[in-house]
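These notes concern the structure reproduced below.
In what follows, every chain begins at residue 1, and chains take the letters A, B, ... in the order their sequences are listed.
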Amino acid sequence: MEAMVGIYIVGMTYTPETIEPKWQRRWAERRTNEPDLDGAPKPFYNLMMFPYPSAEGLHVGNFYAFTGADVFGRFQRLRGYQVFEPMGFDAFGIHSENYALKVGVNPAELIPKNIKNFTRQLTALGGMFDWKHTLATTDPAYYKWTQWIFLQLFKAGIAYKKKAAVNWCPSCKTVLANEQVEAGVCERCKSPVEQRNLEQWFFRITGYAERLLANLDDSDKMDWSASTAAAQRNWIGRSAGAQIDFPTAAGSAIRVFTTRPDTIFGATFMVLAPEHSLVEAVTTAEQGAAVDRYRRAAAAKDVVSRRVGDKEKTGVFTGGYATNPMTKKPVPIWIADYVLMEYGTGAIMAVPGHDERDFAFATRYGLEIVRVIAGAEEPDSAPLAEAMVEIDGCRLVNSGQYSGQSVSDGSKAIVAALEAAGIGQGMVKYRLYDWCISRQRYWGPPIPIIYCDGCGPVAVPERDLPVELPLIDDFRPDDSGISPLARHKEWYHVGCPECGKPARRETDVSDTFLDSAWYHLRYLSTELADRPFDSARVKRWLPVASYIGGNEHAVLHLLYARFVTMVLHDQGLLHFDEPYRRFRAHGLIVKDGAKMSKSRGNVVIPDEYIAKWGADSFRLFLMFLGPFEEGGDFRDAGLSGPRRFLERLWDLVEQCERRTLTGEELHRSIVVKWHATKKKVTGDIEALGYNTAIAAMMEFLNAMRDSNCSERSIVKDLVIMVAPFAPHFAEECWERLGGQSSVFDAAWPTWDEALTIDSVVEIAVQVNGKTRATVRIPRGASESGALERALRDPTVKRFVEGKERKKVIYVKDRLINIVVAG
RNA sequence: GCUCGGGUGGCGAAACCGGUAGACGCAAGGGACUUAAAAUCCCUUGGGGGUAACCCCGUGAGGGUUCGAGUCCCUCCCCGAGCACCA
């Protein structure tokens with residue numbers, strides 16, 4: 001018999017380099033991954049964040065995210081769902097444009113090449129993608145409908161135009177995105193960046209703030225990673241307070257927003273944002289020059305450094321005074337750039353005693369600081385060495401009739417008094433800004449608006465969509481400060497759709513986040529040219545059942561997609577108002593503890609790993625690295641483990657193919673372990689606990705080998721369970737085991753709950769809480785039985801003998817703890 | 001500063017509701033096979049002590065609750081991510 005061992009059968013080795021292309025070909029030929037969008041009885045929409053097709057190709061971080069999402073999709077498919085798993089390309093935007101500028105080639109020429117390369121990589125990965133329904137946001141057939149969506153918002157009054165500050169590089173003569181500004185200078189030419197006020201298009205997302213917030217708590221609509229939901233709550237930034245008018249000698253009152261109306265008696269001065277419209281009215285002749293100088297300096301700063309929080313506070317006295325409506329005292333009016341025009345009313349009542357920023361400002365300029373809040377044991381006029389911001393257990397002091405009240409009572413009473421006097425009211429404000437969608441750039445969908453001197457801004461009629469982005473040679477921004485599209489005269493000049501007179505096109509293009517705010521709708525209907533999305537398909541497939549993506553998009557993309565969905569819902573176009581039923585944020589793959597980036601030179605390209613180990617081993621390896629929702633450090637050292645696992649499973653398939661096992665005794669231990677493994681793997685995958693699911697399968701495979709078992713039905717089910725992780729491998733094994741169609745048409749294994757637990761358990765025996773031994777007893781044994789068995793153990797005996805037994809704690813099937821004296 | 005994660009062997013990590021800490025994998029060491037190596041297979045592997053049976057210590061630090069704490073409570077330190085003058 002010994003001669004049998006070590007026989008090597010030619011052609012039976014696991015060779016991913018031949019198996020993987022074979023199955024990728026078959027999947028395409030058999031249309032394995034193209035569900036019937038119009039008739040699927042159990043549809044499951046499995047979405048992942050589409051990539052921006054860079055020239056470098058996909059890196060390991062992308063592969064990690066896609067694999068994790070794909071595993072879940074394949075799992076759902078095996079559980080009997082028809083899974084729609086589309087993939088597309090987010091190809092517009094500043095990254096493409098900057099790269100194109102650098103190499104001097106129009107992005108329209110570069111993008112198709114990049115997409116081709118991405119498609120090759122994604123195919124090699126073995127994703128369950130429905131390539132029949134792919135899309136690229138740069139395709140006119142796609143952005144036609146992006147423009148259509150803009151028009152829906154325009155018609156609903158949600159899109160509007162206003163002046164807003166942008167970063168302007170005077171040397172490059174172009175608008176910069178915030179991330180292109182580094183420490184106040186242009187990242188390309190290093191010249192100081194300034195602000196410019198341009199007319200831009202906005203979406204009134206602030207009108208949806210309350211709803212965007214409320215839905216986050218509605219578990220019927222949203223089952224999201226807590227971290228993502230928290231980021232959104234943060235970003236929306238609801239704060240409750242009051243709006244209060246402070247009369248001025250100049251006539252018009254200054255309206256402020258505060259979250260602490262209870263501290264109004266401590267408001268000893270006021271601060272306006274430098275851009276505030278009342279600055280001129282309140283400024284006196286003597287202060288005029290200083291105020292002007294300060295306002296000009298503030299305007300010269302770039303948008304980013306204006307907002308940096310830790311810099312020293314500066315400001316200028318306007319010479320004017322307002323009256324504190326509670327103390328009736330005059331309070332000086334200052335301007336300072338720590339007050340932002342964009343938030344609240346652009347003006348504050350400064351309470352230096354109880355606000356850190358106001359305290360710093362007052363200290364620097366010698367302004368009065370009054371205590372109006374004191375702690376329980378604190379005297380009313382204890383000096384303030386710093387701003388005192390505590391609220392709990394504090395009371396109002398030096399606040400007239402309100403002194404002595406708690407912060408919350410005082411707050412309510414003061415707001416009521418202000419409301420009664422008609423000079424204030426309780427109010428809620430949000431940190432959330434309206435979404436600026438204008439980009440003074442080339443590489444984006446043109447905003448479909450035409451300006452007519454007679455009719456004003458007119459929507460491009462739907463029949464004229466798309467407004468195609470012209471292919472122009474010089475897409476470089478120039479001195480004019482407006483989009484390069486304005487130079488393309490035959491495109492720029494157009495007849496007014498309403499009156500026919502000469503008119504001009506909007507030259508701004510829209511933000512890429514608008515492209516990605518609705519792509520999940522388009523995937524379903526990519527072959528339909530006459531509508532953005534087919535409503536019957538929308539009804540069948542949406543909202544998205546599972547969306548997996550990175551938390552770097554926690555606020556922008558995910559919030560904008562929710563907002564656009566709400567608007568379309570309100571227009572009666574969608575039957576739901578939240579697009580993603582379940583969202584899970586995956587972790588980040590880093591390299592040597594740092595984010596992968598080209599500048600660091602630590603980007604890992606997956607192609608070589610797939611070539612060396614095979615996509616299946618690589619997928620398994622990535623998923624085994626650690627918890628999927630936490631990410632991890634990429635280290636290629638561990639790749640051999642998953643590969644070995646596949647080879648051993650391959651051998652097991654091989655064994656049950658060759659041997660006809662009749663009457664092989666299935667040990668009870670294997671049966672129990674098998675049922676427990678099926679249960680664990682199922683539960684773990686459901687919760688995205690991929691690493692532990694894989695560990696459980698490895699452990700079970702080890703058990704099979706140890707007990708020399710290769711029971712065919714078990715091996716078949718094990719192959720099904722590794723299929724989500726190693727799809728090509730599983731297909732090949734399935735075929736060898738006699739499977740006729742795809743392994744993904746098989747059914748996910750089920751288990752017998754009663755067989756997941758053994759009839760004999762090993763319990764810990766503790767003496768005074770320290771484990772001294774373990775004993776095997778029947779499951780569900782009584783305390784007396786367990787104790788009797790435990791006391792027979794020699795080690796336990798030594799620790800309890802001659803001592804008074806005070807107490808016995810028995811946790812059934814777990815442990816028994818004997819507490820003794822001394 | 002705020003919010004959310006996290007800190008467990010040489011490394012990646014596991015541990016249900018408070019109940020045998022370190023599953024699974026990597027690396028390392030030893031052995032088998034081989035002329036040899038690779039591959040494969042078997043064994044060992046948290047630290048310390050002991051000839052051994054065994055014993056002590058151990059989950060970032062310090063306290064606490066408990067028969068029992070990686071897990072709960074308090075105080076603090078460190079790392080990562082995001083937001084950041086939001087009135």
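A donor N or O paired with an acceptor N or O is found under 3.5 Å between the base of B:rC85 and the side-chain atoms of A:Lys313. In the interface, the side chain of A:Glu552 is not paired with the base of B:rG82 through any donor and acceptor atom under 3.5 Å apart.
Taking side-chain N and O atoms only, A:Asn234 has no distance below 4.0 Å to OP1 or OP2 of B:rA84. For A:Lys770, a side-chain nitrogen or oxygen approaches OP1 or OP2 of B:rC57 to under 4.0 Å. OP1 or OP2 of B:rC41 sits under 4.0 Å from a side-chain N or O of A:Arg705. Under 4.0 angstrom from either OP1 or OP2 of B:rC55 there lies at least one side-chain N or O belonging to A:Arg772.
Using a 90° window around 0 for the glycosidic torsion, B:rC17 falls inside it and is classed as syn. A syn orientation is assigned to B:rG9, its glycosidic angle lying within 90° of 0.
Secondary-structure stems of RNA chain B, taken as three or more successive Watson-Crick or G-U wobble pairs (i with j, i+1 with j-1) under a 3.5 Å distance threshold, comprise B:1-7 with B:77-83, B:10-12 with B:24-26, B:28-32 with B:40-44, B:46-49 with B:54-57, B:60-64 with B:72-76.
The side chain to side chain donor-acceptor pair (under 3.5 Å) test applied to A:Arg295 returns A:Glu280, not counting sequence neighbours.
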With the sugar-phosphate defined as primed atoms, P, OP1 and OP2, and the base as all remaining atoms, what B/S/- string results for nucleotides 8-18 of chain B, 5' to 3', for protein heavy atoms under 4.0 Å? ---SBSS-B--

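Rounded to whole Å, atom C1' of B:rA38 lies 13 Å from atom CZ of A:Arg644. As rounded to whole Å, 14 Å separates atom C1' of B:rC83 from atom CD1 of A:Ile236.
When the P atom is compared between B:rG6 and B:rC72, the two are found 11 Å apart, to the nearest whole Å. A distance of about 16 Å separates the P atoms of B:rU8 and B:rA23, rounded to the whole Å. Distance check on atom P: B:rG64 versus B:rC55 gives 27 Å, rounded to whole Å.
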